[in-house]
Amino acid sequence: MPELPEVETIARALRQGGRGGPPLVGRHIQRASLLWPRTLAEPAPAELGARICGQAVVDVGRRGKFILFQLDPDTLLIHLRMSGDLVVEAQSDPVAPHHRLTLDLEGGLRLAFNDPRKFGRAWLVRDPLRILAGLGPEPLDADFTAQELYRRLQSTRRQLKPLLLDQTFIAGLGNIYTDEALHKAGLHPMQAANRVSQPQAERLWESIRAVLLDGIQRQGASIDWVYRGGDFQNYFRVYQRTGLPCPVCGTAVERVVIGQRGTHFCPVCQACPEGE
DNA sequence: CACGAGACCTGTTCGC
DNA sequence: TGCGAACAGGTCTCGT
């Protein structure tokens, strides 16, 4: 489920209400339940309750694909990985089978980290930068310019697809939005980064921002049984559209595997680079 | 440095 | 219908 637009949508809803839930900011945490120990990366499970109880939610934000609950004085970071979700429900609701961590809040509310595949992780730390330090630039920030992207592309020969998925290169892109951005930019997913021209880099910069902003505007993409809410899946250009016509030229969309990830592209619009 | 494979997990869908 | 294989929005680690 969770790439930058989905994570942003969830963070906004938790901060200001939305998706049917009330805002969390200002509420104190009264109780913590860890139902799958490995979900908590830090601190040791035995320390969680005593440390988090009594802290208030000061703000809810996002960095890359991390959701940040700014407490006082700690920060709770949550990464949803493949199948995680955050839901606000009543404490009187039954605890769903895939809830891995729940926090009881003032007002009879429960914040639940639901994660069928158990890949998601939570960190309760004093300094969030310790966890976030390695992340690349935020693609929607003002200081992430086309020039900056071009400069970073020049520094490596890696293929574009795995490079854009690398969170240290740029934060927040996942399999969906990478395929969508490369198609919009007309770049082949196997193209070597340092062979992208400056005009191509500018087009890629514009495309990355456009697909992310579209995704946020649509409140993310809902696929299969995970995640619900957004409708960006109805506007996919290539992702999971193997064999269907490219929206630009009508050629059948192809699927290949690059870096162990399914990759969708138009063989005509995204011209095959020399030697592939 | 760059790449591939395997691990971590469960649920759904596809092919026979 | 049943059953195993393939596949899924992500990242980490290890070997070459």
Side-chain angles (χ1 to χ4, degrees), chain A residues 1-11 35-42 62-67 77-86 96-101 113-123 131-136 152-182 189-195 208 211-212 214-216 218-243 255-264 275-276:
Chain A
M1 157 193 58
E3 302 180 33
L4 189 155
E6 289 77 27
V7 176
E8 177 67 23
T9 299
I10 291 170
L35 294 94
W36 181 257
R38 297 195 58 167
T39 294
L40 185 66
E42 289 185 40
R62 176 193 63 76
R63 171 77 170 98
K65 299 174 191 172
F66 289 83
I67 292 175
L77 298 92
I78 291 189
H79 197 303
L80 303 171
R81 294 279 176 92
M82 290 286 265
S83 62
D85 195 9
L86 286 169
H98 298 312
H99 281 3
R100 308 304 179 193
L101 171 65
F113 182 9
N114 183 281
D115 183 21
R117 290 180 71 178
K118 302 177 178 173
F119 289 165
R121 289 293 179 270
W123 296 256
I131 310 297
L132 305 173
L135 288 179
R152 294 174 73 90
L153 289 170
Q154 291 305 109
S155 71
T156 178
R157 305 159 44 174
R158 294 172 65 187
Q159 296 174 328
L160 288 176
K161 174 72 189 271
L163 183 64
L164 295 176
L165 288 175
D166 183 343
Q167 302 299 296
T168 70
F169 182 80
I170 183 171
L173 289 177
N175 214 32
I176 294 175
Y177 294 90
T178 297
D179 282 3
E180 294 296 296
L182 286 172
M190 289 180 167
Q191 165 97 39
N194 64 344
R195 296 184 55 207
I208 288 170
V211 297
L212 291 175
D214 280 356
I216 291 171
R218 298 274 169 201
Q219 304 198 76
S222 309
I223 298 183
D224 301 337
W225 45 285
V226 196
Y227 197 61
R228 63 277 169 263
D231 69 343
F232 188 63
Q233 71 281 3
N234 298 323
Y235 301 87
F236 287 164
R237 307 161 67 96
V238 289
Y239 184 78
Q240 283 194 351
R241 289 179 49 82
T242 309
R255 179 186 185 277
V256 295
V257 175
I258 305 175
Q260 284 135 264
R261 308 302 301 276
T263 299
H264 313 76
E276 189 150 314

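Just so we're on the same page: letters track the sequence lines, and every chain starts at 1.
With DNA chain B read from its 5' end, the first of the two nearest nucleotides for A:Arg100 and A:Ser155 is the one closest to A:Ser155.
In this structure A:Arg152 satisfies the side-chain contact (heavy atoms from CB on, under 4.5 Å) test together with A:Pro137, A:Glu148, A:Phe169, sequence neighbours excluded.
Comparing the C1' positions of B:dC3 and C:dG9 gives an interatomic distance of 23 Å, to the nearest angstrom. If you take atom C1' in C:dC12 and the same atom in B:dG11, they sit 23 Å apart, rounded to whole Å. Separation of the P atoms belonging to B:dA5 and C:dA6 is 14 Å when rounded to the nearest angstrom.
Judged by atom type and distance alone, A:Gln159 does not reach the base of B:dA2 through any side-chain donor-acceptor pair under 3.5 Å. A donor and an acceptor atom never sit less than 3.5 Å apart when one is taken from the side chain of A:Arg157 and the other from the base of B:dA2.
Looking at heavy atoms from C-beta onward, A:Ile258 lies in side-chain contact with A:Gln159 at the 4.5 angstrom threshold. At least one side-chain heavy atom of A:Arg63 sits under 4.5 Å from a side-chain heavy atom of A:Leu135.
In this pair, A:Phe119 lays its aromatic ring flat on the base of B:dC8, centres within 5.5 Å and planes under 30 degrees apart.
Among the heavy atoms of the strands lying under 4.0 Å from A:Tyr239 are primed sugar atoms or P, OP1, OP2 only; no base atom is included.
Checking A:His99 against A:Asn114 by side-chain atom types alone, a donor-acceptor pair falls below 3.5 Å.
Closest to the side chain of A:His98, from the set B:dC9, C:dG9, B:dG11, is B:dG11. Among C:dA8, C:dG9, B:dT10, the nucleotide with an atom closest to any side-chain atom of A:Lys118 is B:dT10. The side chain of A:Thr156 lies closest to B:dA2, out of B:dA2, C:dT11, B:dG11. Ranking C:dG9, B:dA5, C:dT11 by closeness to the A:Pro2 side chain, first place goes to C:dG9. Closest to the side chain of A:Arg158, out of C:dG10, B:dA2, B:dG11, is B:dA2. The side chain of A:Arg38 lies closest to B:dC9 when the candidates are C:dC12, C:dG9, B:dC9. Minimum atom distance to the side chain of A:Glu3 is reached by C:dG9, of the listed B:dC8, C:dC7, C:dG9. Closest to the side chain of A:Gln260, from the set C:dG10, B:dG6, B:dT10, is B:dG6.
The distance between atom CG of A:Leu164 and atom P of C:dG10, rounded to the nearest whole Å, is 13 Å. As a whole-Å value, the separation of A:Asp166 CG from B:dC1 C1' is 12 Å. We find that CD1 of A:Ile67 is positioned 19 Å from P of C:dG9, with the value rounded to whole Å. Residue A:Leu163 contributes atom CG, which lies 14 Å from atom P of C:dT11 at whole-angstrom precision. A straight line from CD of A:Glu180 to P of C:dG9 spans 12 Å, rounded to a whole angstrom. A:Asp85 places its CG atom 16 Å from the C1' atom of C:dA8, with the value rounded to the nearest Å. Regarding A:Trp36, its CH2 atom lies at a distance of 11 Å from the P atom of B:dC8, rounded to whole Å. In this entry the distance linking CE of A:Met82 with P of B:dT12 reads 15 Å, nearest Å.
Here the NE2 atom belonging to A:His264 is positioned 12.0 Å from the OG1 atom belonging to A:Thr178, to the nearest 0.5 angstrom.
In this structure, A:Phe232 and A:Tyr235 have parallel ring planes: the angle between them is below the 30° cut-off, well short of the 60° mark.
With a cut-off of 3.5 Å on both pairing distances, the Watson-Crick or G-U wobble partner of B:dC16 is C:dG2. With a 3.5 Å ceiling on both atom-pair distances, the Watson-Crick or G-U wobble partner of C:dT11 is B:dA7.
Of the side-chain N and O atoms in A:Arg261, one or more sit less than 4.0 angstrom from OP1 or OP2 of C:dG10. An OP1 or OP2 oxygen of C:dG10 is reached within less than 4.0 angstrom by a side-chain nitrogen or oxygen of A:Lys65. Proximity of A:Arg255 to the phosphate of C:dA8: a side-chain N or O atom is located under 4.0 Å from OP1 or OP2.
Checked for salt-bridge contact, A:Asp179 and A:Lys161 meet the test: a charged N lies under 4.0 Å from a carboxylate O.
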